[in-house]
Structure formats: structure tokens, C-alpha cells
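Structure first, then comments.
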Amino acid sequence: MSEKRGQEQAIEWVMIGMDPKLARKQGMPTQIPIPKSEFENLADKGLNVDQARAWTKAFMAGEIGQNAQWRKKNNQLAAQLDGFVDKGPVWERAQKAFQERDFEKALQQLKRIKSLDSDDHMAIFNMGSAQANTGDFAGALKSFKTVRPTFEGDPEFHVTVGQVHMALKDNDSAINEMVLALEAKPDHQPALDALERLGVLTAIYENPRDAGSLLYVRADSVKDYLTGLWAAEPRDLGYYLEQLAYHERENRFEVALAAAEQAIAVAGDAGSVRAETAKITALRALGRNEEALAAAEVYASKNPTCAPALVELARSLGAVGRVDEGRAAVDKALAIDPGDQIALLARFWPAKTDDIAAVQACLPALQEFVETHDQSAGAWRSLARAYLVVGRTEEGINLLAKAVELAPNDEDLRAEHWTELRKQLRYQEIIDLAEKLGNMKDRDWQLRWNEAEAYFGLQKTMEARALFTAINSDERLHVDIRKKAKRTVRQLDMGPAVQMNPGQNV
């Protein structure tokens, strides 16, 4: 014991001053005792709150801290240092309560800290967070107001306050806080995400295949930003079609329209059916139905044997109420391409494609059409889908297989067949089909995803992980697909994975 006391007495202490604002922000005294031996390393290591508390505890238990004369002479500092030590266990209990999401308990501990030290603004800030998590938004805002002069300019503070305003549906105040957070730290992700949810910003990929190209643009300026980007250098048709597909999927039809127009211009006399029909679709989606109809009439008149052109004409006629003319255009489209899925939907399917009774009622006419056009893979595909809706699952899957035989190069169709097999847990069949195809690395990502899911379904985790990893590493794919594959790999590494349906396209 005497040896330990001698060691304590041998410590030489240096008292360092803290900036008052920083002290309040960290819940620390305005002066902290530091062992002289540690002072030189402080600039490199920084001052850790837990270490500062440990030093303070040792100092106050030592010769100086226990000296009545020193305490009397430095009574205000001594009180701060005693309080700093006393708060330690209470802070630990508050932090544990936060980890356990017991916000009521955390709030009780933080109130206790506040009673010990009203200048501990970190405790009051955390009180506000706990109050918000218990639904006391008014109390939370009151706590945040108390510490605002201390935390002004801290992006985490502004985001936290903004989230309370969002909970109260006070979007203007929420936006103001998120803007302040970005002024403090322009790349602060929580603030960017919040402004996206508030509709102020839109997250876009300049290159849909590059995760590093993610940026946030004012929601009312996305088109202007992107058209400026596109004009910065020459672009080919493939570039604009990729942009078109990406922004269509995201329902940014104003941008999709601009990309379609650029694609049409680049295609020139060679033309682009994809771009022309996408332009008409985008115009309709924007409510510009008369313009869509005018564009569809012009394009269909120049391309009278183009089924997609006639389909868009039919849809545009329907949008302006000219239903009979639209039906006639659909019939013309089906005469050219009996497998056009959109035309088949318009001609034979009910408005609610998941209404079992309505789909059942449409089956006779659809079956008659398909039997008349039995060499059309698309026709069999539509009938297969109808069978699946009404519960004739085995027949539906068999018809999809028949359609694949008729159109072996249609990988989207093949992927739909595999997806239905996977839904029925017929994993080995998928793997057998994949083996027949041979090298899968250049196949459609949906086929590769189904193959990976099939291996996982058979509890062949190593094979599944390798396939999902390959999808994640494939830079040709959209970044969202690669991210989904990466998340799945992480889930496989942690334990049972959540299976993800790759979806299907019409």
C-alpha cells in the first residue's frame, strides 16, 4: 500500500485549460489535470474523455486533490473536477441504455448528469435525442435550443434537430437544419439523405455502372444538370440509351425524354425504335398526351410495319379517349408481332392483371389467339403468365419453357422461366439448365442471380457466394444490382441469407 501511495505522490501534474465552448460540448471541466509525463504526447494522441476522467479521478484522489487548502483556494475548479468524476458511472449507464434502446432509462440518467453539471451540453444534447426517441418532440427541441450556441456548426447536431422537425412535419425547418449541416460538411451523408427524402435533392449516378459517380442534385435541376453533363463531350447512341433506361426505371420521365431526344439525334437516319418509342412513353408519363399522340402518329406513319410504333400509337390514342382507334392499332401491331407483350396486355388482359377472376375470363380469347400464332414465343409467354395468375402453375412454367425453346436467345424470357422455377423451389432444375448453357459469366444478370439463389437453396453456400461475388464485381452491371449482390454476400457470411427476387421485365 505504501509503495502505491508513493507512486501516486510521485506523479507530476500539469493543469491544461480547455476552451469553454469545447468544454461544454464535451461535458468536461474548463481545466483538466494531465500527468506531466503524458503532456508531450497529448498533441499527437489528443485528449480522450475517458482518459481525462481517469486522470482527473487519480488527481482528485491524490495529494493535491485531497489537500483542503488547495480545495478551498480552487473551490470552483475542485467542484468541476469532482462532478466530472462523479458523472462517469452515470454516463456509462446512459450509454448502455442507449445501446439497449431503453430511451426512458437513458433519459433518467442524463437528467441526473444535468443536475450534477448544468454546463454539460453533451448530456443535454443526448437528452434531446432520448426525448425525441420517446416521442417528446417539444421537449427535444427545448433541449436542443439550450445547447444550440455550443453545437452550432456541428453537422450531426443540425441533422438531429432536423429529424425532429421532420417528425413534426415542419419540413421548412428541417430543410434549414440540413442545409446548415451541409454548410458545415458538404458531403455529410445523413443530411444529403434527409434532403433527398424531403424532395429537395435527387440522388443520381452520372454513370449507372459506377458507384463512385453518385451525387446529389437539386430536385428541380436534375434535367438541366444532366443535359449540361451530356453536352460536355461527344456521346454515342449506346450512352444515351443507357441513360434513358436508367432514368425510366427511376421514373424521371423529364430526363428520360431528354435522353430519348438526344438518342434520336445521334441515331440520325439509322433511327432508333427504342428511343422513338421511349420519347412517346415519356411524353404520356408527363401528362403531355396530345404531344405524345402527335409524335406517335408521325412515327407510325413513317414506320407502318413497326409493331412498337403501333403499340405506342394505340396507347396514345387510348390516353386521349380514342379507344376504338387504339384497339385497331393494337390489332395491327399484333398482326406484325403476335408476341408483343404490351400489345397482348392491351388486347386480351383485364385492367387489373392480378384479378384472378378477370384473368380467368380473358383466357379463352388469349388461348385462341396463341394457338393461331403457335410459333410466337411472346404469345406463349403471355398465356403462361395468365396461367400463373390463375394458379395453373405447372402449366404456366411448362409454357414458359416452350417459349424459351422458340426464342433461345431471349435471355429475359429465360430468366423469367428460371424465376418461376425458383419460386417453386425447383433449384436443381435451374442448376441443370445453367450447366447446359455452359459459361454463364456473360449471360444476363437475372439468369446468374437465379443460378446463385438455386445453389443457396440447395445449401451450397460456397458456390452461391462465388456467384453473387462475381455479380458484385461485374462493372458492366448497374450499380444497384451490384450493391444488392454485395449485401447478399455479406448476409451469406453472417448466416442465413434473405433471398432476393431479381425481378422481371415486360
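These numbers come from the heavy atoms of this one structure, side chains and all, not from hydrogens, waters or symmetry mates. When a residue number appears, it is its place in the shown sequence, counting from 1.
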I'd like to know if the side chain of Asp136 and the backbone of Ala132 have a donor-acceptor N/O pair within less than 3.5 Å. no
Has Ser473 got a side-chain atom pairing as donor or acceptor with Ala470's backbone, closer than 3.5 angstrom? no
Between Val161 and Leu141, does a side chain to side chain contact (heavy atoms under 4.5 Å, CB included) hold up when you go through it step by step? CA-CA 7 Å; Val161 177; Leu141 290 177; 4.2 Å; yes
Heavy-atom side-chain contact between Pro149 and Lys21 under 4.5 Å: no
If you measure only the distance, is there a donor-acceptor pair under 3.5 Å linking the side chains of Glu233 and Tyr239? no
Would you give me the side-chain donor-acceptor pairs under 3.5 Å for residues 281-296, sequence neighbours excluded?
| unit_1 | atom_1 | unit_2 | atom_2 | d |
| --- | --- | --- | --- | --- |
| Thr281 | OG1 | Thr277 | O | 3.1 |
| Thr281 | OG1 | Glu312 | OE1 | 3.1 |
| Thr281 | OG1 | Glu312 | OE2 | 3.4 |
| Arg284 | NH1 | Glu312 | OE1 | 2.9 |
| Arg284 | NH1 | Ser316 | OG | 3.0 |
| Arg284 | NH2 | Glu312 | OE1 | 3.0 |
| Arg288 | NE | Glu291 | OE1 | 3.4 |
| Arg288 | NE | Glu291 | OE2 | 2.9 |
| Arg288 | NH2 | Glu291 | OE1 | 2.9 |

I'd like to check the side chain to side chain contact (heavy atoms under 4.5 Å, CB included) partners of Leu241; sequence neighbours left out, ordered by chain and number. Leu237, Leu244, Ala263, Ser272, Arg274, Ala275
How long is the gap from CD on Gln446 to CD1 on Ile471, to the nearest 0.5 Å? 10.5 Å
Before you tell me yes or no, could you show the steps for Asp120 and Arg24 under salt bridge (Lys or Arg N to Asp or Glu O under 4.0 Å), namely the whole-Å CA-CA distance, both residues' side-chain angles and the distance that decides it to 0.1 Å? CA-CA 5 Å; Asp120 189 333; Arg24 289 193 299 273; over 6 Å; no
Does the salt bridge (Lys or Arg N to Asp or Glu O under 4.0 Å) test come out yes or no for Arg381 and Asp412, once each step is laid out? CA-CA 11 Å; Arg381 184 181 195 179; Asp412 184 68; 2.8 Å; yes
Is Lys87 reaching over with its side chain to a backbone N or O of Gly27, donor-acceptor style, under 3.5 angstrom? yes
Arg482 versus Glu475: any side-chain heavy-atom pair under 4.5 Å? yes
Counting only heavy atoms not in Lys483, do more than 12 fall under 6.0 Å of its NZ? yes
Do other residues, nucleotides or ligands put more than 12 heavy atoms under 6.0 Å from Arg101 CZ? no
Does any donor atom in the side chain of Trp349 or Ser382 lie under 3.5 Å from an acceptor atom in the other side chain? yes
The reported gap from CH2 in Trp55 to CH2 in Trp13 (rounded to nearest 0.5 angstrom) is 8.5 Å
From NZ (Lys25) to CE (Met18), nearest 0.5 Å: 11.5 Å
CD (Gln163) and CG (Leu168) are apart, to the nearest 0.5 Å, by 12.5 Å
Checking side chain to side chain contact (heavy atoms under 4.5 Å, CB included) for the pair His188/Leu192: CA distance, chi angles, key distance, verdict? CA-CA 6 Å; His188 192 63; Leu192 292 168; 5.9 Å; no
Could you give the distance from CG (Asp117) to CE (Met28), rounded to the nearest 0.5 Å? 11.5 Å
Quick one about Thr30 and Gln80 (side-chain donor to acceptor, distance below 3.5 Å, no hydrogens or angles considered), yes or no? yes
Residues at least two apart in sequence or cross-chain that pass salt bridge (charged side-chain N to carboxylate O under 4.0 Å, His left out) with Glu411, listed by chain then number, are Arg443
Measure from the side-chain N and O atoms of Gln243 to the backbone N and O of Glu206, and report whether any donor-acceptor pair falls under 3.5 Å. yes
Audit row: His478, Tyr246, ring pair (Phe, Tyr, Trp, His ring centres under 6.0 Å) steps and yes/no: CA-CA 9 Å; His478 189 286; Tyr246 167 45; 5.3 Å; yes
Taking the side chain as everything from C-beta on, heavy atoms only, tell me whether Glu38 gets closer than 4.5 Å to Pro35. yes
Verify whether one side chain among Ser143 and Gln131 offers a donor that lies under 3.5 Å from an acceptor in the other. yes
Determine, stepwise, if the pair Phe144 / Phe157 fulfils side chain to side chain contact (heavy atoms under 4.5 Å, CB included). CA-CA 8 Å; Phe144 293 146; Phe157 171 77; 4.1 Å; yes
Decide yes or no for Leu107 and Phe98: does some side-chain heavy atom of the first lie under 4.5 Å from some side-chain heavy atom of the second? no
For the NZ atom on Lys114, are there more than 12 heavy atoms of other groups (residues, nucleotides or ligands in this structure) within a distance under 6.0 Å? no
Apply the test side chain to side chain contact (heavy atoms under 4.5 Å, CB included) to residues Gln76 and Gln31: give CA-CA distance (whole Å), side-chain angles for both, the deciding distance (0.1 Å), then the verdict. CA-CA 11 Å; Gln76 186 175 359; Gln31 294 185 70; over 6 Å; no
Sidechain-backbone polar pair: Asn75 side chain, Arg71 backbone, donor-acceptor under 3.5 Å: no
Taking the side chain as C-beta and beyond, is there a heavy-atom pair between Gln109 and Arg93 under 4.5 Å? yes
Can you name the side-chain hydrogen bond (donor to acceptor under 3.5 Å, both in side chains) partners of Lys105, sequence neighbours left out? none
Kindly write out the residues that satisfy salt bridge (charged side-chain N to carboxylate O under 4.0 Å, His left out) with Arg252, not counting sequence neighbours, or none if the list is empty. none
May I ask you to check whether Glu453 and Trp449 show a side-chain donor-acceptor distance below 3.5 Å? yes
Any idea which heavy atoms bring Pro29 and Leu81 closest together, and the distance? CG-CD2, 3.8 Å
Residue pair Leu215 / Val217, side-chain heavy-atom distance below 4.5 Å: yes
Option from Lys486, Arg448, Arg209 for which salt bridge (Lys or Arg N to Asp or Glu O under 4.0 Å) with Asp474 holds: Arg448
Please confirm whether Arg465 makes a cation-pi placement over Phe468, using NZ or CZ under 6.0 Å from the six-membered ring centre and within 45° of the ring normal. no
Are any non-hydrogen side-chain atoms of Glu451 and Phe456 less than 4.5 angstrom apart? no
I need the Ile175 CD1 to Leu180 CG distance, nearest 0.5 Å. 12.0 Å
Looking only at the side chains, is there a donor atom on one of Gln189 and Asp193 sitting less than 3.5 Å from an acceptor on the other? yes
How about Glu254 and Val222: do any of their side-chain heavy atoms sit closer than 4.5 Å? no
NZ or CZ of Arg53 within 45° of Phe84 ring axis and under 6.0 Å: yes
Verify the neighbour count for atom NZ of Lys57: are there more than 12 heavy atoms of other residues, nucleotides or ligands below 6.0 Å? no
Please, which pairs that meet side chain to side chain donor-acceptor pair (under 3.5 Å) have at least one residue in residues 166-179, sequence neighbours excluded? Arg148-Glu177, His158-Glu177, Asp170-Ser173
Just checking Arg249: does its CZ atom have more than 12 heavy atoms from other residues, nucleotides or ligands closer to it than 6.0 angstrom? yes
How far apart are the closest heavy atoms of Ala191 and Ala181, and which atoms are they? CB-CB, 3.9 Å
